[in-house]
Visitor: 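The following block contains the structure, expressed as structure tokens.
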2 protein chains.
Amino acid sequence: MARSDTRYREAYNQILTYCETLPVAAPIPSETRLSEIAGVSRTVIRRCLTRMQELGLISWQGRDKSLLRAPQSGDRIALPRSSADKGDLEQRFLDWVLRFDVPANTPLSIAELSRNFDVPQHDLREFLAGLSRFGLVSRRPKGGWMLLGFTKDFAIELSDFRSVLELNAVAQVAEAPVGHPVWAALAKVRADHLTLKTAMETDYHEFSKLDEQFHLAINSVVKNRFIAEFQKVISLIFHYHYMWDKTAEKERNAAAIDEHLAIIDALEARDADAARAAAQRHLRTSKTTLLSSLRHHDLG
Amino acid sequence: MARSDTRYREAYNQILTYCETLPVAAPIPSETRLSEIAGVSRTVIRRCLTRMQELGLISWQGRDKSLLRAPQSGDRIALPRSSADKGDLEQRFLDWVLRFDVPANTPLSIAELSRNFDVPQHDLREFLAGLSRFGLVSRRPKGGWMLLGFTKDFAIELSDFRSVLELNAVAQVAEAPVGHPVWAALAKVRADHLTLKTAMETDYHEFSKLDEQFHLAINSVVKNRFIAEFQKVISLIFHYHYMWDKTAEKERNAAAIDEHLAIIDALEARDADAARAAAQRHLRTSKTTLLSSLRHHDLG
DNA sequence: TATTTGTTCATTATCATAAAAAACATTTGA
DNA sequence: TCAAATGTTTTTTATGATAATGAACAAATA
């Protein structure tokens, strides 16, 4: 069959809502005007008008259209149960991969994913095509898709790439002018880190959020669509791995807090070299953690 | 309708080719074995065998299959005219965008592109979905796609990102061990640069190739799938823009040669700081050139 | 002459479905 | 008997056809 008429249904209800604001017998705006109101083409509007005429809601002859009676809830048209949000797909997909430890080189079934995520097959294909640009999935020779990550090589390369991006960000922060919002953000981050440090014994698992907050602040100075796109994926992957890897979590987090603070210290002192060195130390730790979390998976 | 049977047709011909190596009356291998030979599933193989039986090429009963006569060219099955190569699409698309100066914010018609590039609509959608990860295209609110690049902002961000990647590469080259192949490559690049320099008056347009060669050599030390993926797109874009922007080409190229040589000098001296500084100078020139070529387009 | 509607044409999103793959069950013969 | 082959069923994928939508143009109105 052909495409769904969801657009028409939504437009129809929207036009009804608009008509509710009109008094009975009021003239109805032009088709072009209505199409602007509903954000659809005139074709759809004419379909709406036809139905309204059939229901006796309006009179319509040439360019004379007027409301015959106030629309009622029964006049509305049912919307097909909307499938799950498409924009959310990335998060849910990575969540699935990491939470269930989907191993590298797993064949991905579009049909199955489509069912599980409640998303049309072609949307999934589009999504996977996007991920293949990040080297996370690829097409298989006999058709279908395959999950490539998370091998050791993948983790190493991802970490290295992240380092390149973050060191660049740190360098830019060090050169940010005094009034730049990043300084306020970092001051807040520092305070939150110190607060958590005093309550470390009990709240150490809260660190995950702080980590995100810290890296977000640092990277906020970099206004670059390419970097931003990658950061999204990178931070998701690191974030999830930290979440699920529970070995020595408290010690790990305590160390990370100190590393973060060292970076902030150097930045606030406008010491670019020291900041770079501190960031390098921190990124090396991160890399080690990510790799060891993979090793656990391999063994388990 | 449904998917094409190209796979079957190709497999069939391939099996025929295999059978040509067999003597008449020879037994034919198992279905599983044949499926390995042709690289398809048993379903396809059985379809092939059925046809071969119908043509009287083989006898087939249960697991007894044997060749009745040598296959002839007339036994082969016609292949549908294969549409243009899919892997080549990226190059051709960028070529089209840059060669015809498709302006930013142009709506892209899948139908039209599909005709022009001789590629199924589905494949184009997948391709564009991939590009949207690079911020080159995006989906439009009312459906369809739109070309976003090449605005000034896009060029700036692309250049900046390229700088981040290349400076990282240069730093890694500076630390490469003596026996690393990059040194031989750079020596060759240096020699080629010097050769061109002497013939600059007439052959200055040959520089484009050298530029590619130079940046390829530098980036070859970076083994990283993410960076590699981006470099592909970046180098294509820079490459094409240089090709089409003819203003002051000779002077531009002469200056670039000296900049390249300065970088190589510093690298061979293992002076990382000097190499970084030289690379930064060169990248700044590149950025300026890219931006000015955009400005010309805006005016023309 | 600027809007509005009527009409036609082009494009997109979506689905049904044949082709292909994969999984499972049965048979065969050493 | 059991591994390998075939027979059968189920699942998945790729892809053309097509209704829904958008867009362009022509005619009409006021």
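Labels below follow one simple rule: chain letters A, B, ... track the order of the sequence lines, proteins then strands, and each chain is numbered from 1. Fair warning: this is a prediction, and the values are worked out from it, not measured in the lab. We use all heavy atoms of the structure for the numbers below, so side chains are in, but hydrogens, waters and symmetry mates are not.
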Visitor: What does S30(B) touch in the nucleic acid at a heavy-atom separation under 4.0 angstrom: a base, only the sugar-phosphate, or nothing?
Guide: sugar-phosphate
Visitor: Looking at the side chain of T43(A), which of dT21(D), dT6(D), dA20(C) is the nearest nucleotide?
Guide: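 Given the options dT21(D), dT6(D), dA20(C), the side chain of T43(A) is closest to dT21(D).
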Visitor: Using the six-membered ring of Y12(A), assess whether NZ or CZ of R51(A) lies under 6.0 Å from its centre and within 45 degrees of the ring axis.
Guide: yes
Visitor: Between dT15(D) atom P and I110(B) atom CD1, what is the distance in whole Å?
Guide: 15 Å
Visitor: Let me know the distance between CD of E112(B) and C1' of dT11(C), rounded to the nearest Å.
Guide: 11 Å
Visitor: Ignoring hydrogens and geometry, is there a side-chain-to-backbone donor-acceptor pair from E157(B) to R225(A) under 3.5 Å?
Guide: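 Side chain of E157(B) to backbone of R225(A), a donor-acceptor pair under 3.5 Å: yes, one is there.
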Visitor: Is there a donor-acceptor pair closer than 3.5 Å between any side-chain N or O of N224(B) and the backbone N or O of D160(A)?
Guide: no
Visitor: In whole Å, I'd like the distance from the CD atom of E31(A) to the P atom of dG6(C).
Guide: 6 Å
Visitor: Looking for any heavy atom pair under 4.0 Å, which part of the strands does R33(B) touch: base, sugar-phosphate only, or nothing?
Guide: nothing
Visitor: Does R115(B) or K142(A) map to a spot on DNA chain C nearer the 5' end, using the closest nucleotide for each?
Guide: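 Counting from the 5' end, the first nearest nucleotide belongs to R115(B).
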Visitor: Are OP1 or OP2 of dG7(D) and a side-chain N or O of R46(B) less than 4.0 angstrom apart?
Guide: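 Checking dG7(D) against R46(B), a side-chain N or O does come within under 4.0 Å of OP1 or OP2.
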Visitor: Go through the N and O atoms of the side chain of R42(B) and the base of dG7(D), and report whether any donor-acceptor pair is under 3.5 Å.
Guide: yes
Visitor: Between S41(A) and dT21(D), is there a contact of a side-chain N or O with OP1 or OP2 at under 4.0 Å?
Guide: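 Checking S41(A) against dT21(D): no side-chain N or O falls below 4.0 Å of OP1 or OP2.
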Visitor: For H122(B) and dT15(D), say yes or no: do the ring centres fall under 5.5 Å of each other while the ring planes differ by less than 30°?
Guide: yes
Visitor: Counting C-beta onward and ignoring hydrogens, is there a side-chain heavy-atom pair between L158(B) and F134(B) closer than 4.5 Å?
Guide: no
Visitor: Nearest-Å distance, CD1 (I28(A)) to P (dT5(C))?
Guide: 11 Å
Visitor: Please report the distance, rounded to the nearest Å, between CD in Q121(B) and P in dT18(D).
Guide: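 Taking CD of Q121(B) and P of dT18(D), I get 15 Å after rounding.
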Visitor: Select one nucleotide: of dC25(D), dT11(C), dT17(C), the one nearest the side-chain heavy atoms of A2(B).
Guide: dT17(C)
Visitor: Using atom CG of L124(A) as one end and atom P of dA14(D) as the other, report the distance to the nearest whole Å.
Guide: 13 Å
Visitor: Which nucleotide sits closest to the side chain of V40(A): dA28(D), dG22(D), dA14(D)?
Guide: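 Between dA28(D), dG22(D), dA14(D), the one nearest the side chain of V40(A) would be dG22(D).
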Visitor: Just by modelled atom types, is the V119(B) backbone N or O under 3.5 Å from a matching donor or acceptor in the S114(B) side chain?
Guide: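 Side chain of S114(B) to backbone of V119(B), a donor-acceptor pair under 3.5 Å: yes, one is there.
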Visitor: Touch check for L113(A), heavy atoms < 4.0 angstrom, all strands: base, sugar-phosphate only, or nothing?
Guide: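 No contact.
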Visitor: For R3(B) and dA17(D), is the shortest distance between a side-chain N/O and OP1 or OP2 below 4.0 Å?
Guide: no
Visitor: Write down the distance between CG (L128(A)) and P (dT13(D)), rounded to a whole number of angstrom.
Guide: 10 Å
Visitor: I want to check one thing: is the phosphate of dT4(C), taken as OP1 and OP2, less than 4.0 Å away from some side-chain N or O of K65(A)?
Guide: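 No, no such contact exists.
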Visitor: Within 45° of the axis and under 6.0 Å from the centre of the six-membered ring of W145(A), does NZ or CZ of R140(A) qualify?
Guide: no
Visitor: Rounded to the nearest Å, what distance is computed from the CZ atom of residue R125(B) to the P atom of nucleotide dA14(D)?
Guide: 14 Å
Visitor: Please classify the nucleic acid contact of R7(B) as base, sugar-phosphate, or nothing, using heavy-atom distances under 4.0 Å.
Guide: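 If one applies the 4.0 Å heavy-atom cut-off, R7(B) turns out to touch the sugar-phosphate alone, with no base involved.
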Visitor: Scan R47(A) against the nucleic acid and name what it touches under 4.0 Å (heavy atoms): base, sugar-phosphate only, or nothing.
Guide: sugar-phosphate
Visitor: For R9(B) and T6(A), find the nucleotide of DNA chain C closest to each by heavy atoms; which residue's nucleotide sits nearer the 5' end?
Guide: T6(A)
Visitor: Work out which heavy atom in R9(A) is nearest to a heavy atom in D5(A); give both atom names and the distance.
Guide: NE-OD1, 2.8 Å
Visitor: Under 4.0 Å, heavy atoms only, any strand: does I45(B) hit a base, just the sugar-phosphate, or nothing?
Guide: nothing
Visitor: Between G144(A) and D64(A), just flag the one whose closest nucleotide in DNA chain D comes earlier from the 5' side.
Guide: G144(A)
Visitor: For the side chain of S109(A), starting at C-beta, report the closest nucleotide among dT12(C), dT13(D), dG6(C).
Guide: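 Per side-chain heavy atoms of S109(A), the pick is dT13(D).
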